[in-house]
Amino acid sequence: MKVTALYIKEFNQFKDFRLDLTYPEGHPKAGQALEKVCLIGQSGTGKTSLIEILYKASNVTSVLAKSLNLHRSSKDTFHNDNNDNKFIELFLNGLEVSFNNNLTAKFFKDNKSNNPFNDTFDVFFQEIEQEKEITVDDNTFKLFLYPSEMELSKSKKSLKEEPEGFKPIDKERFFDFGNYDLQSSWTTINQAIIKDREVEIKKSLEISKILQNPNISQEEVLKARSEFLAWRKSSPNPLVDLAENYLDKILNRFNLKVKTELDFEKTEDIKTIKIQTQQGKDIPFEELSTGTKQVILTALPLYGLKPEKSIILFDEPERSLYPDIQTEIVNFYTSMAKDSQFFFATHSPLVASAFEPWEIVELKFNDEGHVYQELYYDPAKGRHVDNYTIYPQYLTWTGILQKVFDLDQEGNGLRNRQLMRVAMLEAQLKNKELGLEDKKEKFEEYKKLATLLNWELK
Amino acid sequence: MRKIDKSIILSKVYKAWEEALEHKQEVHPKYNSSKFSFYKDIVMNLYYCQNGLCAYTEKAILLSGLEAENWSEEGRYINSIPFHFGELEHFDESLKENKAWLWDNLLMVESKINRKKSTKTVDTILKPDNPEYDPFALLAYNHETHIFYPNPNLDEHSIERIAEMIDTLGLNYVKDWRKQYISERIKAIDFGLEPEPVKEYVTAYEMTLRNLSFE
C-alpha cells in the first residue's frame with residue numbers, strides 16, 4: 001500500500017493543502033505512487049507533522065479497510081485511544097488520503113456526537129475508480145516510523161512489549177521507533193541466524209556421512225560438495241547477507257564491519273549484533289559513535305522484519321552522519337525494503353540529492369502564513385517531466401543549496417571580496433605593458449589566491 | 001550598477017514640499033515608513049527613474065505598475081503600490097534622522113541588499129544618481145566569475161574606495177542570478193541566435209559584450 005495523494009482541509013499551518021504523490025506524465029511510472037518522497041522546508045513548515053499524519057492515516061486505513069467490503073463505499077469508526085489531542089483538530093477539520101489500492105480514506109467527525117473531543121472518529125472509505133478492484137494489503141504490509149528523536153539506548157520497550165504513547169491499531173505491523181528499543185528487532189534476525197545454523201549443521205552432517213562411506217567415488221564426493229555450495233548460495237547466511245550486502249558498505253567507511261564469524265559457544269555471541277574493526281578487533285556496542293549506532297539500529301528492523309509493499313517514514317535520516325554517508329543513506333535504506341514507499345523529512349542537501357524532482361516536496365509559507373508546496377514546474381504547462389526546471393541529481397552540492405534550498409549565496413561574503421581581488425589580478429596580468437618580473441610576481445599571488453578559492457573561477 | 005537619472009520628479013506636490021524644506025533648511029518629519037503622506041509617490045517615482053530595477057544590483061524588483069494610466073496629471077501615483085521586492089533605502093544612513101525624505105538620498109533597493117548594507121558608511125564615489133557617476137569609468141566586470149571589480153587603471157586609493165563600496169552595496173551579491181541571465185544571452189549570440197531582450201543587469205551585460213568584443 002502506498003500513498004498517492006494527501007489533502008488537509010485545515011490543520012495548524014496547513015490550509016487547503018494538497019499533495020500529488022504520483023509520478024508525473026511522461027515518466028515511465030506515470031500515475032503510480034512515488035517510491036520515495038523527500039520533504040524539505042524551513043523549520044516550522046510542517047515536515048514532521050506530515051510524517052506523523054501519514055503514519056496515523058495509513059495505520060488506520062490499512063487496518064480498517066481490511067475488514068470492510070470495499071466494493072462499495074463504506075464507513076467505519078476508530079478510536080483515538082492514545083490521548084493524543086494533537087490530531088483531533090486534523091480529523092475534525094477534514095483529511096483525505098488516497099492510496100494506490102484504489103482507495104481514498106476521508107476522515108471526519110460524526111456530527112451525531114455531542115462532544116467533538118471524545119475519542120471516536122469516523123472514516124469514510126471511497127473507491128477512486130468504481131470499475132477497479134481494491135486490493136487490501138496482504139500480511140507483508142508494515143508501517144515504520146523513525147522519528148527524529150530516537151533513543152539509541154536500550155531504555156525503550158522491546159518490540160514484544162506494549163508501546164507507550166500513540167498506540168498503533170495493529171502492533172504486529174506498525175512500528176513507531178520512538179517507542180521501541182531498536183535493538184530488540186535483532187531478535188528476528190537472531191532467529192534466522194539460529195535457523196540457518198541448524199540447517200547448516202544438518203547439511204554438514206549429511207556430507208560427513210557420505211564421506212565416511214569407504215566405497216564412495218570421487219564423483220559422488222564432488223557432487224555432495226557442490227550440492228552444499230549450491231544450497232549456501234541460494235540461501236545465504238543472514239548475518240553474512242546483512243553484513244556484505246548492506247551494513248558493511250557503510251561501516252567500512254568507519255573502519256568497521258559486522259562480525260560474521262560466530263562460534264556459537266556462548267549465547268552472548270548472538271545476543272546482539274557484533275561489530276569489529278576491519279582488522280578483527282571486537283568493539284563493544286555501547287562504545288560505537290552515535291552515527292554508527294544509528295545506521296546499525298535503523299537498519300535492523302528493515303532487515304529483520306522485511307517489510308514489502310510497505311510505508312517507511314524517516315524524520316531527519318541525516319542525523320549524526322558525515323556528508324559522504326548522507327549522500328548514500330537514501331539508497332541504503334530503500335534497498336532494504338522491496339516495493340515500498342519511503343518518506344524522508346530532511347534539512348540535508350546531500351540527502352535531497354538522491355531524489356528525482358517530482359519526488360521532492362518543498363514546503364514554504366505564503367503571505368498568509370499558510371504552507372504550500374513549491375512547484376518545480378510551471379502549472380500552466382502541466383505536471384509533465386519535460387516541464388520541470390530543477391533536477392537535483394544534475395546539480396552540484398552548491399547548486400542544490402541554491403536552487404532547492406534557496407540559499408542565495410554560494411559561499412561566505414568574504415569569498416566575493418577575494419573573487420574581486422582575483423579579477424583585478426587577472427586584468428593586470430593581461431595588461432601587455434606589465435614587465436616580466438612584475439608579471440611573475442603577480443602570477444604567484446594569483447595562483448595562491450586561486451588555490452584558496454578552489455580554482456572555482458568560472 | 002547603472003547611472004540613474006533622478007532629475008524627473010513626477011509628483012509635483014512632493015517636489016514642491018521637499019524643495020521648500022531644503023530651501024529653508026528645515027528638519028524633515030520623522031521617517032515612519034509607509035504612514036508618510038508622500039511615501040507612495042516617492043516609492044513609485046523612484047521605481048519610475050530606476051525602471052523597476054534595484055538601484056545597486058539591477059535585479060528586477062518591480063515587475064509591473066509603471067504604465068502611464070497609474071499616474072494622475074499632477075504626477076501622483078493613483079493606485080496602491082503593486083507587489084514588489086524592494087525597500088526604500090537611505091543611501092547615507094546618517095541623513096535619515098533629520099533629512100528622512102530627501103529625494104537625493106533615496107533609492108529603491110532589493111530588501112536583502114538593503115538589510116545587508118544596513119548602516120554601513122558610504123562613499124559617494126559609487127552613488128548611482130550622482131551626476132559624476134560613470135560605471136564604465138569606475139568599474140570593470142569579469143564575465144567568467146560575473147564579478148564587478150574596480151577599474152584597474154585607476155589609482156590605488158580610488159581602487160580601494162571602489163572595492164569597499166562594491167562590497168557595501170552588494171553589487172556581487174546577485175552574481176549567481178546575473179551569471180545565468182547573462183550566460184544564456186551570450187550563448188545565444190555565440191550560436192548565431194537573437195538573444196532575449198535585456199531588462200536586468202544591463203551594465204554587466206554591456207561590459208560583457210565589450211569584454212568579448214561582441215558590439
Side-chain angles (χ1 to χ4, degrees), chain A residues 42 349 364-368 389-391 394-435 438-439 441-443 445-447 449-458, chain B residues 54 56-57 59 83-85 110-113 115-118 120 126 138-156 158-180 182-184 186-187 204 207-208 210-211 213:
Chain A
Q42 190 56 266
K364 280 193 171 173
F365 287 112
N366 65 16
D367 291 340
E368 284 93 47
T389 53
I390 291 178
Y391 210 107
Y394 296 173
L395 294 170
T396 59
W397 310 127
T398 311
I400 292 177
L401 281 167
Q402 293 192 296
K403 288 272 185 182
V404 182
F405 286 81
D406 299 329
L407 202 67
D408 55 11
Q409 293 293 288
E410 62 166 5
N412 188 292
L414 286 176
R415 179 176 165 79
N416 278 353
R417 192 69 195 239
Q418 295 312 316
L419 282 172
M420 224 193 311
R421 178 73 196 142
V422 155
M424 282 281 291
L425 285 167
E426 203 171 307
Q428 288 165 351
L429 280 159
K430 280 179 183 167
N431 186 345
K432 289 185 179 127
E433 287 169 22
L434 189 69
D438 284 345
K439 189 169 261 192
E441 195 182 314
K442 284 218 180 289
F443 186 51
E445 191 187 344
Y446 178 89
K447 282 194 294 185
L449 196 48
T451 303
L452 294 175
L453 292 163
N454 199 28
W455 284 92
E456 291 174 70
L457 305 175
K458 280 199 174 182
Chain B
C54 168
Y56 304 148
T57 64
K59 191 177 180 187
F83 182 76
H84 65 116
F85 300 97
E110 195 199 1
S111 315
K112 275 188 183 168
I113 298 296
R115 268 167 257 161
K116 189 175 133 47
K117 177 175 168 277
S118 186
K120 285 180 193 161
L126 283 198
L138 301 173
L139 299 172
Y141 190 68
N142 184 307
H143 59 272
E144 290 184 326
T145 51
H146 291 271
I147 282 278
F148 276 112
Y149 61 101
N151 181 346
N153 301 321
L154 298 172
D155 61 89
E156 279 300 319
S158 299
I159 285 175
E160 196 42 51
R161 285 172 64 197
I162 293 167
E164 201 56 47
M165 277 304 283
I166 289 175
D167 216 25
T168 301
L169 303 181
L171 298 199
N172 291 323
Y173 194 80
V174 295
K175 72 174 192 301
D176 298 309
W177 288 281
R178 193 160 62 206
K179 179 182 184 175
Q180 188 176 330
I182 292 176
S183 297
E184 63 180 60
I186 295 300
K187 279 290 166 198
M207 287 183 176
T208 301
R210 290 186 190 187
N211 289 349
S213 309

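Numbered from 1 within each chain, the chains take letters A, B, ... in sequence-line order.
- For the set B:K112, B:H143, B:E144, the entry with the most heavy-atom pairs within less than 4.5 Å of chain A is B:E144.
- Only the side chain of B:D176 comes within less than 4.5 Å of a heavy atom in chain A; its backbone stays farther off.
- For A:K430, no part sits under 4.5 Å from any heavy atom of chain B, backbone or side chain.
- A distance of 7.0 Å separates CD of A:E426 from OG1 of B:T145, quoted to the nearest 0.5 Å.
- In terms of non-hydrogen atom pairs under 4.5 Å with chain A, the most contact-rich of B:E164, B:K116, B:H146 is B:E164.
- Only the backbone of B:F148 comes within contact range of chain A, with at least one heavy atom under 4.5 Å from a heavy atom of that chain.
- The local environment of CD in A:E445 is crowded, with over 12 non-hydrogen atoms from other residues, nucleotides or ligands closer than 6.0 Å.
- Within 6.0 Å of NZ in A:K403 there are 12 or fewer heavy atoms belonging to other residues, nucleotides or ligands.
- Here A:N431 contributes atom CG and B:N153 contributes atom CG; the two are 7.0 Å apart, rounded to the nearest 0.5 Å.
- Of all heavy-atom pairs spanning B:P150 and A:M424, the tightest one is O-SD, 3.2 Å.
- In this structure, CG on A:L425 lies 11.5 Å from CG on B:N142, to the nearest 0.5 angstrom.
- For residues 414-422 of chain A, a heavy-atom distance under 4.5 Å to chain B picks out A:N416, A:R417, A:L419, A:M420, given by residue number.
- No part of B:A140 comes within reach of chain A, as not one of its non-hydrogen atoms sits under 4.5 angstrom from that chain.
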